[in-house]
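First up is the structure itself, then whatever we jot down about it.
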Amino acid sequence: ENNTIVGNVASTTGDGRGGGVYVQAGTVAVTNNVIANNQAVNIAGGIYFEGAWSGTVTYNDVFGNTAPNNSDSNGALAVSNISLDPLFVSSGSAVDQYRVAVNSPVIDAGDPASVAPGTDYDGQARPIGPHWDMGFVETDGQTDLALLMSGTPNPIAGGAVLTYHLTVTNNHGTTAIGVAVTDTLP
């Protein structure tokens with residue numbers, strides 16, 4: 001539960017099926033995951049089902065996977081699954097680029113009856129909101145930014161140059177996107 005499975009390729013060295021998840025046999029529970037932007041050279045870039053299997057595939061975001069046949073899945077997915085852009089922030093370290101924006105559709109979209117892990121990848125308690133988030137981290141949809149402005153020299157003499165120093169600190173685990181600082185000078 002609660003994985004983010006992104007950017008994998010099922011190539012011709014295998015059978016080219018199931019770029020994100022390959023379910024072959026047994027009992028499985030695939031819940032609260034983001035399965036996005038994977039590809040398969042044959043069938044089902046997202047989730048591939050084969051053989052005698054049982055279980056549940058619910059409350060997942062299966063989006064943007066590619067394959068010549070059945071791009072996201074070769075089987076019917078439960079109504080609780082969605083296929084919406086998870087809105088990855090796409091910047092920072094290998095881990096940070098798969099965090100989601102504060103307006104992501106995967107926030108609070110997980111299984112309300114989930115017994116998912118009590119903490120996320122960052123060790124943050126989950127759930128934060130009324131439901132678990134889909135994917136590897138919980139996001140509360142908020143940011144906590146602080147701005148410190150100072151200038152030198154202070155005081156400034158007539159005709160002298162004032163240099164502004166702006167420091168923006170994100171005091172929250174959620175990546176802030178589209179941050180802009182505007183200051184109207186007198």
Side-chain angles (χ1 to χ4, degrees), residues 1-10 18-23 28-40 44-48 55-66 71-73 76-149 166-182:
E1 288 188 43
N2 290 95
N3 296 289
T4 298
I5 303 167
V6 177
N8 297 290
V9 177
V21 176
Y22 189 116
V23 178
V28 297
V30 181
T31 305
N32 294 348
N33 300 289
V34 174
I35 303 165
N37 305 325
N38 300 289
Q39 82 181 82
I47 304 175
Y48 179 75
T56 58
V57 179
T58 55
Y59 294 93
N60 299 287
D61 185 6
V62 185
F63 174 81
N65 301 288
T66 59
S71 294
D72 281 325
S73 173
L77 296 176
V79 200
S80 61
N81 292 291
I82 61 174
S83 184
L84 298 170
D85 185 344
L87 302 177
F88 294 126
V89 295
S90 299
S91 64
S93 71
V95 170
D96 286 342
Q97 62 186 306
Y98 297 113
R99 295 178 188 282
V100 296
V102 296
N103 59 335
S104 171
V106 304
I107 296 172
D108 290 331
D111 184 352
S114 181
V115 289
T119 57
D120 69 3
Y121 175 85
D122 295 326
Q124 179 170 283
R126 51 176 6 153
I128 292 176
H131 303 294
W132 274 258
D133 293 356
M134 295 174 179
F136 78 114
V137 291
E138 282 289 302
T139 304
D140 66 6
Q142 299 178 15
T143 57
D144 179 10
L145 301 178
L147 174 65
L148 174 64
M149 290 186 358
L166 302 174
T167 304
V168 178
T169 304
N170 184 353
N171 296 310
H172 197 275
T174 303
T175 301
I177 299 171
V179 174
V181 176
T182 303

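Between the side chain of Asn65 and the backbone N or O of Ile47 there is no donor-acceptor pair closer than 3.5 Å. Using modelled atom types, no side-chain atom of Asn81 and backbone atom of Val79 make a donor-acceptor pair closer than 3.5 Å. Checking side-chain atoms of Thr4 against main-chain N and O of Phe136 turns up a donor-acceptor pair under 3.5 Å. Within the 3.5 Å criterion, the main-chain N or O of Thr139 finds a donor-acceptor partner in the side chain of Asp133. Between the Glu1 side chain and the Asn33 main chain, no donor and acceptor come within less than 3.5 Å of each other. Checked by atom type and distance alone, the side chain of Ser104 pairs as donor or acceptor with a backbone atom of Pro86 at under 3.5 Å.
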Criterion side chain to side chain contact (heavy atoms under 4.5 Å, CB included) on Asn2 and Arg126, from CA distance to verdict: CA-CA 11 Å; Asn2 290 95; Arg126 51 176 6 153; 3.3 Å; yes
CA sep, side-chain torsions, deciding dist, call: Thr167, Leu147, side chain to side chain contact (heavy atoms under 4.5 Å, CB included): CA-CA 6 Å; Thr167 304; Leu147 174 65; over 6 Å; no
Chi angles and distances behind the side chain to side chain contact (heavy atoms under 4.5 Å, CB included) call for Val100, Val89: CA-CA 6 Å; Val100 296; Val89 295; over 6 Å; no
Stepwise side chain to side chain contact (heavy atoms under 4.5 Å, CB included) check, Val21 with Ile5: CA-CA 8 Å; Val21 176; Ile5 303 167; 3.8 Å; yes
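To the nearest 0.5 angstrom, Asp61 atom CG is 8.5 Å from Ile35 atom CD1. For the atom pair CZ of Phe88 and CZ of Phe63, the computed distance is 9.5 Å after rounding to the nearest 0.5 Å.
Taking Asp111 as the reference, Thr31, Asn32, Tyr59, Ala113, Ser114 meet the side-chain contact (heavy atoms from CB on, under 4.5 Å) condition, with sequence neighbours excluded.
A salt bridge is defined here as a Lys NZ or Arg NE, NH1 or NH2 lying under 4.0 Å from an Asp or Glu carboxylate O, and Asp120 with Arg99 fails to meet this definition.
Within a 6.0 Å radius of OH in Tyr22, more than 12 heavy atoms belonging to other residues, nucleotides or ligands are found.
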